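Report on the structure given below.
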Amino acid sequence: MAVVTSARTGAKKRTSHRRVDKTFYAFLLPGLVLFTLAITLPAVMGIFYSFTNSVGFGEFSFTGFINYIALFSDPSIRSAYGFTIGFALVTVAVVNAVAFLLAIGLTARIRAKVAMRAVFVLPMVVSGIVIAYAFNFLFSNSIPAAANALGFGPLESSLLANPNWAWVAIVIVTAWQAIPSTILIYIAGILAIPSDVYEAAALDGASAGRQLRSITVPLTAGYILINVIIGFKNFLNSYDIIVGLTNGGPGTSTTSIAMSIFQGFTNGDYAYQMANATIFFLIAIVIALLQLRTTRGRASL
């Protein structure tokens, strides 16, 4: 009898835990409505129009998968995807390498490291378009003037005007803005390593370089993986810095996927670029699922 009573009590407790106060739904509803109207509904409409010949207004007719088939044979779209993916890969490598080294320095036993951390994270709070215009002036005026004064030929003309090297300037500026947030994650990972591990390695005669290779890097591997995935996903969406620096030029050498999509809205290629946006959305979903799986697997870090 006691067992039955306890079972009923446990069932009642579980039932009571499942009940949600209606107040929570009242707070959830406005956000859900706004998200649906601002994100979900436009996305569904965009996918719908990708199967039409719409120019963004007026009448339209359904064309099936014609827009999607045309995308795979469009050299400008292939160029945009090639530039964006290549740019994202290079920037991820640069950002993580520099950020990891800076994080090691900012967690070492040095003076004023807290103040230095504050200085290094300042680019995070500056708008990307503001950063882009500031560096545009540097690459177009200050750096060529200094190169002319020093007689350094390669930089006497602006990198932004060179179709073969404009991407380098974009990588530099994007990395300058992205490194601070990456540093913060690496600092958290390095500080999570027990100091006893380093003390034991030092007693065994391990040098600083050996400790870095055998302790720091392996024990922060999860943070490195998370930074790589998050960074790659963010760099695929790069838009404001590219617009502020090159506006996709010279020519179309630095036109990203996001830029090609936005340009289609004003060039009468609305439905065509909606198909492009749908494919790009699916790629982003795959990367987001990979990120979710990775971060869930590293939840114990």
Side-chain angles (χ1 to χ4, degrees), residues 75-99 101-102 116 118-184 227 230-267 269 273 276-277 280 284:
S76 63
I77 297 297
R78 291 202 301 267
S79 175
Y81 273 86
F83 165 76
T84 305
I85 294 173
F87 155 77
L89 290 173
V90 173
T91 309
V92 161
V94 172
V95 167
N96 282 275
V98 175
L101 294 176
L102 289 175
M116 292 181 65
V119 171
F120 275 103
V121 300
L122 282 178
M124 288 178 57
V125 300
V126 183
S127 169
I129 194 69
V130 173
I131 293 173
Y133 282 127
F135 274 92
N136 191 320
F137 180 83
L138 291 176
F139 284 119
S140 301
N141 298 280
S142 302
I143 293 178
N148 281 319
L150 297 173
F152 187 67
L155 292 178
E156 289 182 354
S157 59
S158 174
L159 283 177
L160 303 178
N162 190 325
N164 296 321
W165 294 103
W167 65 272
V168 176
I170 297 174
V171 168
I172 292 172
V173 179
T174 305
W176 188 83
Q177 186 189 37
I179 284 173
S181 59
T182 310
I183 287 177
L184 293 179
N227 268 332
I230 292 176
F232 185 72
K233 184 184 70 173
N234 290 338
F235 298 145
L236 284 179
N237 295 313
S238 293
Y239 178 78
D240 51 353
I241 287 180
I242 298 176
V243 170
L245 285 175
T246 64
N247 199 27
T252 59
S253 59
T254 60
T255 300
S256 66
I257 302 172
M259 288 190 65
S260 65
I261 293 172
F262 278 105
Q263 288 172 357
F265 295 160
T266 57
N267 295 339
D269 294 331
Q273 291 302 338
N276 187 15
F280 190 46

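Note that the structure is predicted; figures quoted are calculated from it, not measured.
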Measuring only between side-chain heavy atoms, which start at C-beta, is Leu236 closer than 4.5 Å to Phe87?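 Leu236 does not reach Phe87 side chain to side chain.
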Student check: side-chain heavy atoms of Ile179 and Pro123 closer than 4.5 Å: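 Not in contact.
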Any idea how Phe280 and Tyr81 line up, ring-wise: parallel (<30°), tilted (30 to 60°), or perpendicular (>60°)? perpendicular
Counting heavy atoms not belonging to Trp176, are there more than 12 under 6.0 Å from its CH2? yes
Verify side chain to side chain contact (heavy atoms under 4.5 Å, CB included) between Ser256 and Ser238, making sure each step is shown before the conclusion. CA-CA 7 Å; Ser256 66; Ser238 293; 5.7 Å; no
For Thr174 and Thr91: C-alpha separation, side-chain torsions, deciding distance, then whether side chain to side chain donor-acceptor pair (under 3.5 Å) applies. CA-CA 7 Å; Thr174 305; Thr91 309; 5.5 Å; no
What's the spacing between [X] [atom1] and [Y] [atom2] if we round to 0.5 Å?
X      : Y      : atom1 : atom2 : result
Ile77  : Ser79  : CD1   : OG    : 9.5 Å
Ser127 : Asp240 : OG    : CG    : 6.0 Å
Ile131 : Asn136 : CD1   : CG    : 13.5 Å
Asn162 : Leu155 : CG    : CG    : 10.5 Å
Ile143 : Ser157 : CD1   : OG    : 11.5 Å
Leu102 : Ile183 : CG    : CD1   : 4.5 Å

Please lay out, stage by stage, how Met259 and Asn247 fare under the test side chain to side chain contact (heavy atoms under 4.5 Å, CB included). CA-CA 8 Å; Met259 288 190 65; Asn247 199 27; 3.9 Å; yes
